[in-house]
Each structure stands twice: as C-alpha cells, then as structure tokens.
Chemist: 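One structure follows; several queries about it will come next.
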Number of protein chains: 2
Amino acid sequence: MTNRSLLTKQKLLDAATDIIMEQGVHHLTLDEVAKTAGVSKGGLLYHYPSKEALLTAIVERLQTEQNELYESLQTEGNGPVEAFVRLFDETKLHPERSAIHIDAEKMIAFLTLFAVDQEYAERWKHDLDTFFAQFQQTSDPVETMIIRYALEGMMMSEHFNVGVAPPALKQDIIARLIERARNIDSGKTD
Amino acid sequence: MTNRSLLTKQKLLDAATDIIMEQGVHHLTLDEVAKTAGVSKGGLLYHYPSKEALLTAIVERLQTEQNELYESLQTEGNGPVEAFVRLFDETKLHPERSAIHIDAEKMIAFLTLFAVDQEYAERWKHDLDTFFAQFQQTSDPVETMIIRYALEGMMMSEHFNVGVAPPALKQDIIARLIERARNIDSGKTD
DNA sequence: GAGAACAAACCGTCTGGTCGGTACAGAAAG
DNA sequence: CTTTCTGTACCGACCAGACGGTTTGTTCTC
C-alpha cells in the first residue's frame, strides 16, 4: 500500500461521502464517484473491486473516526453519556478538531446506506448493538435512552432540514441534554 | 373512480409500502410492486403513470392517515404534545384502531424516501415544517423538542433494529415521555 | 359495444462490472 | 550503463442486465 494508493483511496471515499450527503444515495454511481474524485472508473474499481466494497469502506472509516472521537472525549473527563452527547455537537464546539472531525451529516450518510437496503444493515447490526448496550446500564437507563434517541432524532431532522429548531433553541436543547447526561454519569437518579 | 379501481390502487400502495419496509427502497421497482400487488406492470402504470406518481401517492396517503389519527387523538382530550407522543405508540395501545392505523414502520418507510433523494425531500419540506412549527410554541419548547426528537430517534432505531431497548424499558421510556408531555400541555414549566 | 381496467411484449437508458491496454518505477540481467 | 522484465496504478471502451416507461392487444363492466 503505497502513499499514492492511499491518497487515491481517500479521495474516492471523500467523493462518495460527499455525493451521499449532497445528492442522496441514489446518485451514488460508480461513474459519479470516479468523476468527483478525479479518477477513472477503472481506477476506482482497481482500489474497490465492487460498489459493495466501496460502501463497506465508507462505513468502516466512519465507524473508526467516530470511535476515536468518542474515546478521546471520554479521556478528557466526560462520562460515557456526556461524551455521547458531545459527540453530536463536537463540530460546532471544537471546529479545530478537524483531524478526527465527524459531524452529524456524515453519520446520516452512514445511516442512509442502511435505509437503502435492509440486508446491508444487518451486517452492521452487531457492532452497533454492542456499542449501545452500555446505555442500558447507567444510573438512569430511561433518561439515557431518551437522550440518545433525541440526539439521533435531531440528527435526522437537521439532515432532512425538516422542522429544525432555530440555533438559539438548539443550543438550549443541547445544554439541557448535557446537564442531564452529567447527572446520569455522576449517579444522580434525578 | 370505480370501486374496482380504488381497490387496485389500495393494493398497489400497500404492496409498495410493504416492499420499502421489508426490503428497503432500492428493491422498490415497478415490476416488484406489480408482482406483489398481483397486478401487471401495465395495470400499475395505468393507475400511477410514473414511479414518481406512485411515490407521491404513498407519501400523501401516509400524511393523510397521520393527520387523521393526530386529530382524533386531540379531540379525545390529549394536548398537542401528548397526542404526538401517543401517535407513535398508538398501534400498541389501540390495535383495534386499524382503520386509521399508522405505525412507526410506515413512517420510516416515508422518511426513507427522503433519504434516497434530497430533491424529492424538498417537495415535502414545507408541509412538515408547518406541522412541527407548533412544537416551538409550547410552555417548554426545549423539552417539547427533546420529546419530539426522542420519538423520531426511537422510530429510527426500531426500524433498523439497532440498539433497541427491551420492551419493558421501552414502555418506561414512553411513560416518561407522556408524563412530561402532559406537564407541557398543562403549562407547567417543570 | 364502448370505455375502463388490465395484460404482456417490447424499447431505450442507466449502471455495475469486465477487459485489454498504457505509464512508469524499480529490479534483474547482460 | 542499457536493456529487459515485473508489478503497481490507472485508463476508457465495452457489455449485460435491470429498470422505467411505451405500445398494443385483451378482458371485464356497464
């Protein structure tokens, strides 16, 4: 795996993610990805021998980025629940963190892949299940799940730009979620 | 619009919705819809002259069903926020209501259509925006939005069967959401 | 029998994937 | 040093199947 090869692969994954975010999955064709990345179709298929392989690579990179950021947020002193809340808002709070930058838009691109094909979603179910299992063992599982669901719902809403909260309200929402997450992490049953 | 015609149209919409729910949008082909509905492709295109028209009809029917149920929940004495919460759980609470039955699965099928194509989503943005606008004018907009987002997130999670809460926990979650919705509707700032 | 409701063969386009070939960097051979 | 060979990275024409939509013909209903 030379440096050049790695760079091309990055360009291809970036292009594919961009297309999903900006145009929706059904415009994600191999020709379009190749064109956007400035690579020929043959070049694309040299690195990712099938569309399936390309999609898999997208999801894997996304998962890796997300895990790295989540870990780093926890080692900075956030409890597991608060870290999860901040995961969704990290882009706005610390834009300088762009190296491990992962924002809601990308996560939606990820979820969108699931929406397209149930069969495909099944393959990733286990990984996500184990990740979310921890949220059922906090000091207040009910509130923890509400927080988690609220963040996911907010993500969806913003992606589809449907009934979104104005910025000020959104900030208040995040603030309240963080406050509750803190209480849960510190063991207060509220 | 004869009775026979209406029946076939229903069958087609049902088939299309089922396919989206069970197999994902990318298996939603005209041939598949026709086959599932027990109608020929020509028959399908007689009623819905294009795939676009079929999708539009699906979304419109879904919106109508949802609005009817929401209205009826409100006239039964629920406040606007509580009615919204119950909208998501209605299937389990009152299965006999199947005439205007709309469950989370169907709403996801609906959202999934948006995920596939941004352009398509734009067409429905306005309707949804006006519906959700009321949730920013309750006695506690922050909490109201959290409830709304949580319900949407839960819906997503259940659809993709990813990190779902066990039934008991889920009931507790709904119960707590209803409790808070009641407080908001009755004007308590909590 | 007339129009509505459907059937089925057919067509053009789009798209995932194949395939033969090119460019080039370095290793091996002379 | 130069020639030959080899493997990596990439190109772009082409193909086969899938899919949306058309056309033409048939059946059902009133």
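Here is the naming used below: chain letters follow the sequence lines, and residue numbers restart at 1 for every chain.
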Chemist: Hey, does the Lys NZ or Arg CZ of A:Arg148 hover above the aromatic six-ring of A:Phe84, less than 6.0 Å from the centre and inside 45° of the axis?
Modeler: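 Geometry flag: not set, cation outside 6.0 Å or 45°.
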
Chemist: Can you measure B:His26 atom NE2 to C:dG16 atom C1' for me and round it to whole angstrom units?
Modeler: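 After rounding, the reported distance stands at 12 Å.
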
Chemist: Show the numbers, then the answer: is there a side-chain contact (heavy atoms from CB on, under 4.5 Å) between A:Ile174 and A:Gln171?
Modeler: CA-CA 5 Å; A:Ile174 297 274; A:Gln171 253 185 321; 5.9 Å; no

Chemist: Out of curiosity, B:Ile20 CD1 to B:Asp18 CG, how far, rounded to the nearest 0.5 Å?
Modeler: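 One finds 9.5 Å between CD1 of B:Ile20 and CG of B:Asp18.
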
Chemist: Say you draw a straight line from CG of B:Leu28 to CG of B:Leu54; how long is it, rounded to the nearest 0.5 Å?
Modeler: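 These two atoms lie 6.5 Å from each other.
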
Chemist: Starting from C1' on D:dT8, measure out to CG on A:Leu6 and report it in whole angstrom.
Modeler: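 Whole-Å distance recorded here is 14 Å.
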
Chemist: Looking at A:His47, I'd like to know whether one of its side-chain N or O atoms comes within less than 4.0 Å of OP1 or OP2 on D:dC10.
Modeler: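 For D:dC10, OP1/OP2 do have a side-chain N/O of A:His47 under 4.0 Å.
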
Chemist: Could you state the NZ-C1' distance from B:Lys11 to C:dA5, rounded to the nearest angstrom?
Modeler: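 To the nearest whole Å, that distance equals 12 Å.
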
Chemist: Counting only side-chain heavy atoms from C-beta out, which of D:dG21, C:dA7, C:dG17 sits nearest to A:Lys51?
Modeler: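 Looking only at heavy atoms from C-beta outward on A:Lys51, the closest nucleotide is C:dG17.
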
Chemist: Whole angstroms only, please: what is the CG-P distance between A:Leu45 and C:dT15?
Modeler: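 Roughly 15 Å, once rounded to whole Å.
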
Chemist: Given D:dG20, C:dG17, C:dA5, identify the nucleotide with an atom nearest to the side chain of A:Ser50.
Modeler: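 For A:Ser50, the side-chain atoms sit closest to C:dG17.
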
Chemist: Give a yes/no on whether any side-chain N or O of A:Tyr46 is located under 4.0 angstrom from OP1 or OP2 of D:dC10.
Modeler: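 No, A:Tyr46 has no side-chain N/O under 4.0 Å of OP1/OP2 on D:dC10.
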
Chemist: Taking only side-chain N and O atoms of B:Thr8, does any of them lie within less than 4.0 angstrom of OP1 or OP2 on C:dC6?
Modeler: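 Yes.
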
Chemist: Roughly how many Å is it from CG in A:Leu44 to C1' in C:dT15, rounded to a whole number?
Modeler: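 It works out to 13 Å between those atoms.
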
Chemist: Side chain of A:Thr29, heavy atoms from C-beta onward: which of C:dG16, C:dC6, D:dC11 has the nearest atom to it?
Modeler: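 Minimum distance to the A:Thr29 side chain belongs to C:dG16.
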
Chemist: Report the nucleotide, chosen from C:dA5, D:dC11, C:dA7, that has the shortest atom-to-atom distance to any side-chain atom of A:Ser40.
Modeler: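 Within the option list, the nearest is D:dC11.
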
Chemist: Ignoring the backbone of A:Ser5, work out which of D:dA9, C:dA4, D:dC11 is nearest its side chain.
Modeler: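 For A:Ser5, the side-chain atoms sit closest to D:dA9.
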
Chemist: Both A:Asp31 and A:Gly42 contact DNA chain C. Taking the nearest nucleotide for each, which residue is further toward the 5' end?
Modeler: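 The residue mapped nearer the 5' terminus is A:Asp31.
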
Chemist: When rounded to the nearest 0.5 angstrom, what is the spacing between CD1 in A:Ile146 and CZ in A:Arg180?
Modeler: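 Output value for this atom pair is 8.0 Å.
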
Chemist: When the distance from CD1 of A:Ile19 to P of C:dG16 is rounded to whole Å, what number comes out?
Modeler: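 The answer, rounded to whole Å, is 11 Å.
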
Chemist: Looking only at side-chain N and O atoms, does A:Lys41 come under 4.0 Å of OP1 or OP2 in D:dG12?
Modeler: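 Answer no for this pair, as no side-chain N or O of A:Lys41 is under 4.0 Å from OP1 or OP2.
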
Chemist: I need the CG-P distance between A:Leu30 and D:dC11, as an integer number of Å.
Modeler: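 Value for this atom pair: 14 Å.
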
Chemist: In whole Å, what is the span from the CG atom of A:Leu12 to the C1' atom of D:dC10?
Modeler: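 Nearest whole value for this atom pair: 11 Å.
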
